There are 2 protein chains.
Amino acid sequence: MNLKSRRQYEARARIAKALAHPSRLLILDALADGERCVCELTPLVGADQSTVSKHLAVLRNAGIVEDRKDGVMTYYRVKICCLQGLWQCIESVLKQNFDEQRAAMEV
Amino acid sequence: MNLKSRRQYEARARIAKALAHPSRLLILDALADGERCVCELTPLVGADQSTVSKHLAVLRNAGIVEDRKDGVMTYYRVKICCLQGLWQCIESVLKQNFDEQRAAMEV
DNA sequence: CGTATTCATGGCGATATGGCCATGAAAGAA
DNA sequence: TTCTTTCATGGCCATATCGCCATGAATACG
């Protein structure tokens, strides 16, 4: 079974937790092809600027994004390169769920 | 940028949310090499049996595990095959965070 | 039959999360 | 300097999550 320590599961869960919000996933998607400032992300998310800032802080604290200050702006960018594989995994779960639901409907 | 719909981000976030708890990650690890009943998982998690049942329900509702009832037991098993890649992504984030922390210490 | 075991669920309290508002710091413009 | 823009943070409230306890359903065993 090779179980890991409680600490390691907590560390993993912190990363997953940072990804567990639709607005943060939208932000990561928007950052996929380059850095964006908060003022660009705010209308995309469609929430208050303070709310977007807090979401970005969650992603930054998890080590998923990093920021660069330029004058009065703060630009955020994705710091990791494996997100694509992560989405594929999640999408495969969603597809399987969808297929099963459809199969259940057709019975 | 190719942003997706709010619904798609919510669907993705539900999957991530189901993974965002150390006890549930421990459970998935324990299920990695085969099915286990609740009575086996409960001492591993170290929580109340009802707590473990609820964690399993979260994973089941997300479509990550499925169950099989045999007599008075319920056996759970992982339903998806891409978890390994997901762990690799999360571990790469953790490793990078750790490396950066160490680098900051050594300055 | 009655009893024991296994598991799921409702309830409840403590804590965490997420949203907006208000505020303040920092940088640039006038 | 004063005003504006950009962003982060504290406060507050509503909601969600998580833990345990208690209970009930279903099956197995005497």
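Being a predicted model, the structure only gives us computed values, none of them experimental. Just so we're on the same page: letters track the sequence lines, and every chain starts at 1.
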- Query: With a non-hydrogen cut-off below 4.0 angstrom, is A:Y76 in contact with a base, only sugar-phosphate, or nothing?
  - Reply: sugar-phosphate
- Query: NA contact type, B:T74, heavy-atom cut-off 4.0 Å: base, sugar-phosphate, or nothing?
  - Reply: sugar-phosphate
- Using distance alone, with no hydrogens and no angle criterion, decide if A:S53 and A:Q49 have a side-chain donor and acceptor under 3.5 Å apart. yes
- Task: Measure the distance from CG on A:D67 to P on C:dA26 and round it to the nearest whole Å.
- Result: 16 Å
- Item | side-chain N/O A:S50 vs C:dC20 OP1/OP2, d < 4.0 Å | no
- Message: Quick check: on DNA chain D, is the nucleotide nearest A:L56 upstream (toward 5') of the one nearest B:R24, or the reverse? Name the residue that is more 5'.
- Response: A:L56
- Out of D:dA8, C:dC7, C:dC20, which has the shortest distance to the side chain of B:Q49? C:dC7
- Message: Below the 4.0 Å mark, does C:dC20 have OP1 or OP2 next to a side-chain nitrogen or oxygen of A:T51?
- Response: yes
- To the nearest angstrom, the CG-P distance between A:L26 and C:dG19 comes to 12 Å
- Is there side-chain contact between B:T51 and B:V45, with at least one heavy-atom pair below 4.5 Å? no
- Message: Any N or O donor-acceptor pair under 3.5 Å from the base of C:dG18 to the side chain of A:K17?
- Response: no
- Task: Would you please confirm or rule out a distance under 4.0 Å between OP1 or OP2 of D:dG19 and any side-chain N or O of B:H55?
- Result: yes
- Message: Whole angstroms only, please: what is the CG-P distance between B:L19 and D:dC18?
- Response: 12 Å
- Euclidean distance, B:S23 OG relative to A:R6 CZ, rounded to 0.5 Å: 5.5 Å
- For A:Q101, look at atom CD and say whether over 12 heavy atoms of other residues, nucleotides or ligands are found less than 6.0 Å away. no
- Item | Of B:K54 and A:S23, the one whose closest DNA chain C nucleotide lies more 5' | B:K54
- Message: With heavy-atom distances below 4.5 Å as the criterion, would you say the side chains of A:L41 and A:L31 are in contact?
- Response: yes
- Spacing between A:R68 atom CZ and D:dA8 atom C1', to the nearest angstrom: 18 Å
- Task: Report the distance from atom CE of B:M73 to atom P of C:dA4, rounded to the nearest whole Å.
- Result: 19 Å
- Task: Under 4.0 Å between any heavy atoms, over every strand shown, what does A:A57 touch: base, sugar-phosphate, or nothing? Just pick one.
- Result: nothing
- Message: Quick check: on DNA chain C, is the nucleotide nearest A:V72 upstream (toward 5') of the one nearest A:H21, or the reverse? Name the residue that is more 5'.
- Response: A:H21
- How long is the line joining CG of B:L41 and P of C:dC7, in whole Å? 9 Å
- Whole angstrom value for the distance that separates C1' of D:dT9 from CG of A:N61: 13 Å
- Message: Without decimals, in angstroms, what is the distance between B:R60 CZ and C:dA8 P?
- Response: 6 Å
